[in-house]
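What follows is a set of notes on a single structure, which appears directly below.
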2 protein chains.
Amino acid sequence: MSQTVARAIDIIGFVAHQPRPLNDVAEHLGVHKSTALRILQTLEGGGFVRKDAGGHYVMGFQLIAYGQLALDQVEARSLAHPVLQELAERHGHTVHLGELVGDHIVYIDKVDGRGSVAMGSRIGLRAQTHTAGVAKVITAYQAPAIRERILDQATFERFTDTTHTSRESLVADLNQTRARGWAEDDGEHEDYINCVAVPVRDARGKVTHGVSVTALTAVASLAELRNHVDEFRSAAQQISAELGWKGHTP
Amino acid sequence: MSQTVARAIDIIGFVAHQPRPLNDVAEHLGVHKSTALRILQTLEGGGFVRKDAGGHYVMGFQLIAYGQLALDQVEARSLAHPVLQELAERHGHTVHLGELVGDHIVYIDKVDGRGSVAMGSRIGLRAQTHTAGVAKVITAYQAPAIRERILDQATFERFTDTTHTSRESLVADLNQTRARGWAEDDGEHEDYINCVAVPVRDARGKVTHGVSVTALTAVASLAELRNHVDEFRSAAQQISAELGWKGHTP
DNA sequence: TACGGAGTTGCGCATATTGCAACAAGATCA
DNA sequence: TGATCTTGTTGCAATATGCGCAACTCCGTA
């Protein structure tokens with residue numbers, strides 16, 4: 001709706017990947033360099049971009065500060081964090097906390113396990129609806145109408161042999177997930193990574209969050225992760241309790 | 001330079017503190033609500049703001065994602081983090097990593113100690129030039145010209161009885177800092193908090209970073225912190241080594 | 001059913017934004 | 001050393017863009 005602001009947002013995304021000189025930014029936007037300069041200067045004034053040692057534009061420190069602040073404002077995170085941390089320490093695997101926001105599942109916390117590997121997930125990013133354990137477990141427990149809306153957002157892009165590439169296949173998985181009480185990711189995004197995910201309930205009993213435990217298949221097979229599901233579930237229930245849930249698993 | 005972008009930045013800062021309805025945003029900017037709406041919709045499209053459950057605008061998840069990404073791109077941080085973590089664990093105090101950016105010292109990492117207390121510092125924020133230990137230690141080791149530029153940014157606002165409120169007083173402290181090899185904060189920002197800070201050198205031997213260890217006076221007095229300065233210094237030297245510094249303390 | 005508050009959309013006007021062209025400041029090279 | 005190229009910055013005139021207005025919808029409340 002606002003062209004200039006849209007361009008400013010575009011710039012931040014462009015500069016996020018690597019440091020860029022003015023000319024590259026202008027070219028990327030398809031505008032004259034003076035135009036790009038003026039937007040960049042405004043962003044720089046607000047601390048959203050800055051110049052690195054080489055004079056190229058990179059993301060600014062205010063962006064970090066707002067990001068941290070926004071993170072602090074996600075209430076569930078502060079309650080859940082100690083539990084996630086303990087889980088990660090005890091098992092040595094990477095732990096994620098996901099939250100349903102609108103029609104997407106967003107990673108709101110992540111604790112790296114031992115020997116942390118590069119993983120696509122990042123706090124604040126949306127989880128892949130059709131592959132991520134957290135996404136699947138949260139989706140599985142939603143009312144039909146909401147579930148449909150979430151599924152509408154799935155891309156069904158194929159990443160590996162086991163990726164669900166059709167809605168029917170994913171729905172079957174979700175039903176199974178609900179039946180057994182947890183979700184599994186059997187190398188659906190990266191074939192050398194698997195994960196299990198358990199649901200977290202809020203005070204009204206709704207599944208608003210999910211906790212996933214992710215490991216390299218080389219470190220822990222899916223079967224090994226399954227052996228500890230009860231522990232993961234009790235951690236999730238601990239978080240549920242802190243969110244005010246008084247009930248028991250139906 | 002760009003009015004609309006400046007307004008967009010203003011909006012983000014405005015909704016950062018608390019959720020705001022459209023009317024409040026418009027009033028804050030002093031523009032018609034339709035104008036505010038269009039900027040908000042653009043920001044919403046980019047994920048920089050979102051609507052909470054009550055329809056009020058809050059910071060968006062893309063802001064968190066960019067914040068995390070920007071954090072990762074600060075190279076020194078990734079190298080220093082494990083060292084800071086060990087320091088925080090061993091002593092149980094809160095540890096900060098500060099970096100000189102332009103004429104300011106910015107917190108680029110923070111590891112909470114046991115029983116973490118609410119502290120004004122936040123990753124991405126600027127440190128108070130005249131009170132923060134990291135700021136003082138980094139400033140103390142700069143070349144005269146740079147030091148002057150940093151000192152020009154100091155507010156000398158009085159927070160407690162021990163706050164340096166004049167340039168002369170702070171400069172004397174900096175000289176002392178350089179002489180003894182570390183900086184101290186004797187309750188200069190909050191009278192119940194003190195801290196010591198040690199310098200970190202980059203590959204060229206320049207002091208670009210600082211590590212501070214902060215504690216409640218009730219938990220550890222300044223004298224007690226001093227007893228461990230050698231350990232803090234060796235941690236800082238470890239980071240310096242990872243940044244490529246081959247030399248020894250002159 | 002009428003009322004008031006909050007958000008949204010279409011439209012004409014004018015202001016803020018744009019591209020240009022000229023300039024400044026480094027690099028790079030002969 | 002000087003010439004040439006690259007990159008960033010500023011002044012200005014034209015107009016596309018963002019602006020306020022007013023009318024409308026949608027809620028909740030009386």
Side-chain angles (χ1 to χ4, degrees), chain A residues 1-63 101-103 145-146 149 204, chain B residues 1-62 101-103 143 145-146 149 204:
Chain A
M1 301 240 87
S2 170
Q3 193 186 52
T4 319
V5 175
R7 283 174 176 165
I9 291 172
D10 197 349
I11 286 177
I12 292 171
F14 184 64
V15 149
H17 302 296
Q18 51 173 288
R20 306 283 194 176
L22 173 62
N23 271 325
D24 285 13
V25 174
E27 197 179 335
H28 171 74
L29 293 179
V31 299
H32 196 268
K33 52 187 181 151
S34 62
T35 304
L37 176 71
R38 284 182 277 245
I39 299 174
L40 278 165
Q41 284 176 335
T42 310
L43 286 172
E44 198 178 358
F48 278 68
V49 304
R50 65 187 172 95
K51 289 182 182 172
D52 69 5
H56 291 200
Y57 289 97
V58 295
M59 289 184 289
F61 285 101
Q62 193 61 47
L63 211 50
V101 180
D103 301 339
I146 298 173
R149 286 216 323 271
R204 298 164 308 169
Chain B
M1 300 241 90
S2 169
Q3 190 186 55
T4 319
V5 175
R7 281 173 176 165
I9 291 172
D10 196 351
I11 286 176
I12 292 172
F14 186 63
V15 301
H17 303 295
Q18 51 174 287
R20 306 283 194 175
L22 173 62
N23 271 323
D24 285 13
V25 175
E27 197 178 336
H28 172 73
L29 293 179
V31 298
H32 196 266
K33 52 186 181 154
S34 62
T35 303
L37 177 70
R38 284 181 277 245
I39 299 174
L40 278 165
Q41 284 176 336
T42 310
L43 286 172
E44 197 178 358
F48 277 67
V49 305
R50 65 187 172 96
K51 290 182 180 172
D52 68 6
H56 291 200
Y57 289 96
V58 294
M59 289 184 287
F61 283 99
Q62 194 60 48
V101 181
D103 301 339
I146 299 173
R149 288 218 320 272
R204 298 164 304 169

Mind checking the CG-NZ spacing from A/Leu22 to A/Lys33? Nearest 0.5 Å is all I need.
7.0 Å

Under 3.5 Å, which protein N or O atoms sit close to an N or O of nucleotides 24-28 of chain D? Give each pair with its distance.
none

If you take atom types as modelled and just measure distance, does the side chain of B/Arg38 reach the base of D/dG20 with a donor-acceptor pair under 3.5 Å?
yes

Comparing nearest nucleotides in DNA chain D, the 5'-proximal residue of the pair A/Pro21, B/Thr35 is A/Pro21

Once you round to the nearest 0.5 Å, how far does CG of B/Leu37 lie from NE2 of B/His32?
11.0 Å

Taking heavy atoms of chain B and a 4.0 Å limit, find me the 5'-most and 3'-most nucleotide of DNA chain C within that range.
C/dA6 to C/dT17

Touch check for B/Thr4, heavy atoms < 4.0 angstrom, all strands: base, sugar-phosphate only, or nothing?
sugar-phosphate

Below 3.5 Å, can you tabulate the donor-acceptor pairs from side chains in residues 40-61 of chain A to any protein atom, sequence neighbours excluded?
unit_1	atom_1	unit_2	atom_2	d
A/Thr42	OG1	A/Arg38	O	2.8
A/Thr42	OG1	B/Ser2	N	2.9
A/Arg50	NE	A/Met59	O	3.4
A/Asp52	OD1	A/Gly54	N	2.9
A/Asp52	OD1	A/Gly55	N	3.1
A/Asp52	OD1	A/His56	N	2.9

Pick base, sugar-phosphate or nothing for A/Ser2, based on heavy-atom distances below 4.0 Å to the nucleic acid.
sugar-phosphate

Nearest-Å distance, CG (A/Asp24) to P (D/dT6)?
14 Å

How close do B/Val31 and B/Ala36 get, heavy atom to heavy atom, and via which atoms?
CG2-N, 4.1 Å

Verify side chain to side chain contact (heavy atoms under 4.5 Å, CB included) between B/Phe14 and B/Leu29, making sure each step is shown before the conclusion.
CA-CA 9 Å; B/Phe14 186 63; B/Leu29 293 179; over 6 Å; no

Once you round it to whole Å, what is the distance between P of D/dT6 and CD of A/Glu27?
13 Å

Write down the distance between CG (B/Leu37) and P (D/dA22), rounded to a whole number of angstrom.
18 Å

In whole angstrom, give the distance that lies between atom CD of A/Gln3 and atom P of D/dT15.
17 Å

Can you measure from CZ (A/Arg7) to OG1 (A/Thr35) and round to the nearest 0.5 angstrom?
7.0 Å

Starting from P on D/dT7, measure out to CG on A/Asn23 and report it in whole angstrom.
6 Å

Distance in angstrom units between B/Lys33 NZ and D/dA22 P, rounded:
12 Å

Here the distance between atom P of D/dT17 and atom CG of A/Leu29, to the nearest Å, is 14 Å

Within this structure, what is the CD1-to-P distance between A/Ile39 and D/dG8, rounded to whole angstrom?
15 Å

